[in-house]
J.: 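This is the structure, below, for whatever I ask next.
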Amino acid sequence: MKQFLLLLALAIALNVPAQVQPFRFAFISDTHIGSPNGAAEEDLRRTVRDINAMTGIAFVVLTGDITELGTNEELKLAKQILDSLDIPWYIIPGNHDTGWSESGGVMFTTVFGSDKFSFEYNGIKFLGCASGPYVRMSDGHVPRDAVNWLDAELKKVKPGQPVIFLNHYPMDNGLDNWYEVTDRLKKVNTWAVLCGHGHANKAMNFEDIPGVMGRSNLRAKAAVGGYNLVDVKSDSIFFTERKPGVETGKTWTAVKIETRQYDPVKKFPRPDYSINTTYSQVKEDWRFASDANIISTAAVATDKVIVGNQNGVVTCFDLKDGKQQWNFTTGGSVFSSPAIAKDNVVFGSGDGWIYCVNSKTGKLVWKKGTAAAVLGSPLINGDTVFIGGSDHSYLALNVNNGQTIWKYTGLDGPVVSTPLLYDGKLIFGAWDRHLYAVSSSHGELMWKWNNGSAIRNYSPASCIPVASDGVVYIMAPDRFVSAIDAATGQTLWRSKDGGVRESIGISADGKWIYGKSMQDTIVAYAASREPQTAGWKMHVGFGYEHVPSMLIEKEGLLFFGTKSGVVYCIDPAERKTMWAHKIDNSMVNTVRVLDKHSLIVTTMDGKLVKLTARGY
């Protein structure tokens with residue numbers, strides 16, 4: 001009798017779908033509050049009113065791109081509108097909420113309480129998390145800390161319990177670590193993955209896991225926007241488009257309810273590391289895997305490597321063997337690439353402070369408070385450190401004590417990159433459409449430049465400018481290389497023939513401006529005041545490319561990283577690839593080149609690696 005009851009209990013546990021009581025929830029995505037035409041707010045308010053007017057909806061889920069640019073005001077407005085809902089709602093960010101975020105994604109968590117959710121309803125486990133990218137243009141990437149969170153949450157799932165996972169991105173190669181998520185979800189009874197991003201209703205398949213992409217809440221060219229009503233019934237989950245205040249359409253897709261046991265042996269495409277076999281002369285001297293994303297370039301001084309991560313921890317490593325020497329914890333994410341002068345290490349944090357710590361001990365030397373997150377990277381010249389933040393200002397500080405030398409307050413957007421010091425001017429971009437030149441000694445505005453577009457996403461904010469013979473060069477998301485008179489800020493010429501984006505570099509002799517195209521190619525322009533087209537192009541074969549990872553020339557070789565975790569070294573004179581090495585499948589930040597054979601590399605997925613290449 002006991003054996004019979006045990007078998008009966010097991011059969012019931014494995015037949016979880018029979019236990020689920022029918023219910024309905026609302027599925028909203030891509031609301032884009034703050035869109036230029038102002039209709040997004042009206043569309044979301046209409047959807048909220050529509051849901052409140054209906055009965056029988058248990059809760060609402062929102063799968064990212066809640067705002068257009070992730071500004072603090074956009075996030076607060078979205079929260080204000082959503083607080084009008086009469087039923088519970090659960091929310092995660094999308095790439096528009098984090099990629100251009102003036103807080104580095106911190107404000108999303110501040111406003112909404114978290115960038116993840118986990119709850120149960122009628123026996124079903126609902127899990128949702130962020131997917132980045134943060135502060136830089138790149139593929140989607142589930143942050144390392146979120147992957148660790150997912151591991152912990154899945155351990156809590158009962159045997160046979162159904163799981164519905166939500167993310168902004170589809171679980172495909174548009175998300176560079178999609179396989180880490182699908183591999184985990186296939187170990188449990190995952191019924192479906194719900195996502196947004198594509199602005200369309202679409203039935204999908206993620207390595208045999210049923211997937212459903214939901215439409216954008218925006219009206220686009222229609223009279224009203226829309227969302228999905230999701231009905232969980234005894235045998236299937238039904239998806240129906242709802243046009244608020246107008247009509248409920250017919251069911252457009254359904255997912256069968258059944259206990260899913262995924263084949264652990266079945267193979268699916270995975271990132272290809274065979275390039276490491278092709279260029280076997282490249283060796284990893286050491287590797288460190290952080291528990292959080294790294295979205296900055298490591299600083300190197302003598303025998304130390306120093307870098308921060310998205311958990312707000314700055315760590316010092318021994319250059320020779322990669323052993324940790326000290327940690328310093330801030331109150332926010334660190335996207336700021338540290339700068340070192342003598343024994344001082346300076347960096348900004350998402351907590352709104354600029355920090356200086358001792359490079360030998362990691363002890364605080366001084367800190368300077370600002371009015372917002374500090375995502376910009378410092379530049380040290382003599383006893384002065386220059387750094388920009390998200391409080392619409394740029395600072396010059398005394399590197400020894402943090403005292404303000406000058407403060408420029410004329411910005412209208414956050415600073416996220418490193419400035420150029422050239423001919424007595426500090427030159428930098430911001431996410432406000434402009435490139436600025438201010439006096440490095442006094443902080444007065446010398447000139448302000450923009451590309452003529454009203455689109456803030458085209459700002460020259462992530463590019464680190466370069467200069468030669470009185471000309472400043474930038475590459476920006478508008479896909480132009482622009483040559484600007486360093487003295488006046490006047491446009492000398494612009495060219496779009498190279499297909500570049502935000503990655504730029506300059507030859508050691510100042511004669512060539514390098515760019516990374518968005519498809520396979522390195523492009524070089526002659527440094528000149530006269531209009532130029534590409535002087536030469538080299539097919540490297542790195543594929544589609546859009547990350548702002550600068551190109552660094554050292555001892556006649558050119559080094560750069562890609563969105564897919566590959567570091568390249570090419571000979572620009574011979575136009576040949578010297579070597580390439582794949583570290584992981586995420587964005588490579590601008591590399592720190594030590595010499596023609598050695599470099600320090602960081603990736604978005606939190607890898608810190610010392611590479612050495614021989615044979616040339």
Side-chain angles (χ1 to χ4, degrees), residues 16-31 43-44 46-66 82 85-92 94 117-129 161-171 185 188-206 209-218 224-260:
V16 173
Q19 299 178 343
V20 175
Q21 298 298 313
F23 66 96
R24 166 180 280 188
F25 65 92
F27 170 24
I28 303 172
S29 195
D30 296 88
T31 55
D43 289 341
L44 184 55
R46 183 184 291 113
T47 290
V48 168
R49 289 194 300 268
D50 191 65
I51 292 172
N52 286 341
M54 301 174 74
T55 59
I57 300 178
F59 55 85
V60 179
V61 293
L62 298 100
T63 53
D65 277 6
I66 307 305
L82 291 168
L85 282 165
D86 295 334
I87 55 177
W89 50 277
Y90 305 90
I91 193 167
I92 51 176
F117 61 73
S118 172
F119 68 95
E120 290 189 21
Y121 193 88
N122 278 13
I124 303 171
K125 186 81 165 181
F126 288 83
L127 299 170
C129 70
Q161 183 180 16
V163 172
I164 295 178
F165 180 73
L166 298 94
N167 198 266
H168 178 63
Y169 277 85
M171 293 295 112
L185 293 179
V188 298
N189 179 25
T190 301
W191 277 359
V193 171
L194 309 188
C195 66
H197 193 59
H199 286 221
N201 289 329
K202 186 178 181 181
M204 308 186 79
N205 182 297
F206 304 131
I209 303 173
V212 179
M213 176 187 288
R215 60 156 293 163
S216 167
N217 191 67
L218 298 174
V224 298
Y227 62 99
N228 276 280
L229 294 172
V230 184
D231 289 287
V232 181
K233 297 190 176 180
S234 59
D235 61 346
S236 298
I237 306 172
F238 298 93
F239 293 78
T240 306
E241 183 174 337
R242 171 71 181 170
K243 295 181 179 178
V246 180
E247 63 179 354
T248 301
K250 295 180 179 179
T251 297
W252 61 269
T253 194
V255 173
K256 184 180 179 181
I257 287 181
E258 58 185 351
T259 299
R260 298 184 182 275

J.: With a 4.5 Å heavy-atom cut-off, do Lys202 and Pro170 have their side chains touching?
T.: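 Of all side-chain heavy-atom pairs linking Pro170 with Lys202, none is under 4.5 Å.
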
J.: Evaluate the criterion side chain to side chain contact (heavy atoms under 4.5 Å, CB included) for residue pair Trp89 and Val48; output intermediate values, then yes/no.
T.: CA-CA 11 Å; Trp89 50 277; Val48 168; over 6 Å; no

J.: How long is the gap from CZ on Arg24 to CG on Asp231, to the nearest 0.5 Å?
T.: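 That separation rounds to 4.0 Å.
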
J.: Working note: Ile92 + Val61, criterion side chain to side chain contact (heavy atoms under 4.5 Å, CB included); need CA distance, chi angles, decisive distance, verdict.
T.: CA-CA 9 Å; Ile92 51 176; Val61 293; over 6 Å; no

J.: Are side-chain heavy atoms of Leu127 and Leu185 found at a separation under 4.5 Å?
T.: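 Side-chain contact under 4.5 Å: no.
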
J.: Using side chain to side chain contact (heavy atoms under 4.5 Å, CB included), reason through Phe25 and Ile87 one step at a time and then give a plain yes or no.
T.: CA-CA 10 Å; Phe25 65 92; Ile87 55 177; over 6 Å; no

J.: Look up atom CZ in Phe27 and atom SG in Cys195, then write down how far apart they are to the nearest 0.5 Å.
T.: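 Taking CZ in Phe27 and SG in Cys195, the distance rounds to 6.5 Å.
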
J.: Is any side-chain heavy atom of Ile51 less than 4.5 Å from a side-chain heavy atom of Ile28?
T.: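 Side chain of Ile51 against side chain of Ile28, heavy atoms only: contact under 4.5 Å found.
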
J.: What I'd like to find out is whether the side chain of Leu229 reaches to under 4.5 Å of the side chain of Met54, using heavy atoms alone.
T.: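 Answer yes - side chains close enough.
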
J.: Could you check if a side-chain atom of Asn189 sits within less than 4.5 angstrom of a side-chain atom of Val163, using non-hydrogen atoms only?
T.: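 Side-chain contact under 4.5 Å: no.
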
J.: With sequence neighbours left out, what residues match Tyr121 under ring pair (Phe, Tyr, Trp, His ring centres under 6.0 Å)?
T.: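 Phe23, Phe59.
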
J.: Working to the nearest 0.5 Å, report the span between CG of Leu62 and CG of Asn217.
T.: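 If I round to the nearest 0.5 Å, the distance is 8.5 Å.
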
J.: Could you walk me through whether Ile257 and Lys233 pass side chain to side chain contact (heavy atoms under 4.5 Å, CB included), step by step?
T.: CA-CA 8 Å; Ile257 287 181; Lys233 297 190 176 180; 6.0 Å; no

J.: Would the distance check show the side chain of Asn122 and the main-chain N or O of Gln21 forming a donor-acceptor pair, the cut-off being under 3.5 Å?
T.: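 Indeed, once roles are kept as given, a pair shorter than 3.5 Å links the two residues.
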
J.: Sequence neighbours left out, what passes ring pair (Phe, Tyr, Trp, His ring centres under 6.0 Å) with Phe117? Give chain and number order.
T.: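 Testing Phe117 for ring pair (Phe, Tyr, Trp, His ring centres under 6.0 Å), a comparison that skips the adjacent residues, returns Tyr90, Phe119.
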
J.: Working to the nearest 0.5 angstrom, can you tell me the gap between Met171 CE and Leu194 CG?
T.: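 So the gap between those two atoms works out to 10.5 Å.
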
J.: Do the non-hydrogen side-chain atoms of Thr190 and Phe206 ever get within less than 4.5 Å of each other?
T.: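 No. Closest side-chain heavy atoms not under 4.5 Å.
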
J.: Is there a side-chain contact between Tyr227 and Val60 in this structure, where contact means two heavy atoms from C-beta onward sitting under 4.5 Å apart?
T.: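 Of all side-chain heavy-atom pairs linking Val60 with Tyr227, none is under 4.5 Å.
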
J.: Would you give the length of the straight line joining atom NE2 of His168 to atom OG of Ser29, rounded to the nearest 0.5 angstrom?
T.: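 Spacing of NE2 (His168) from OG (Ser29) equals 6.0 Å.
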
J.: Does any part of the side chain of Thr253, heavy atoms only, come nearer than 4.5 Å to the side chain of Val255, both counted from C-beta?
T.: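 Val255 vs Thr253: side chains apart.
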
J.: Only distances under 3.5 Å count here; give the side-chain donor-acceptor pairs of residues 244-251 to other protein atoms, sequence neighbours excluded, each with its distance to 0.1 Å.
T.:
| unit_1 | atom_1 | unit_2 | atom_2 | d |
| --- | --- | --- | --- | --- |
| Thr248 | OG1 | Arg242 | NH1 | 2.9 |
| Thr251 | OG1 | Thr240 | OG1 | 3.3 |

J.: Give a yes or no on whether a salt bridge exists between Glu258 and Arg260, defined as a side-chain N under 4.0 angstrom from a carboxylate O.
T.: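 Salt bridge present between Glu258 and Arg260.
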
J.: Nearest 0.5 Å, please: how far is CZ in Phe239 from CG in Asn201?
T.: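 Asn201 CG to Phe239 CZ: 9.5 Å, rounded to 0.5 Å.
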
J.: Have a look at Thr31 and tell me which of Ile66, Asp43, Thr47 forms a side-chain contact (heavy atoms from CB on, under 4.5 Å) with it.
T.: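 Checked Ile66, Asp43, Thr47 against Thr31; only one passes side-chain contact (heavy atoms from CB on, under 4.5 Å): Ile66.
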
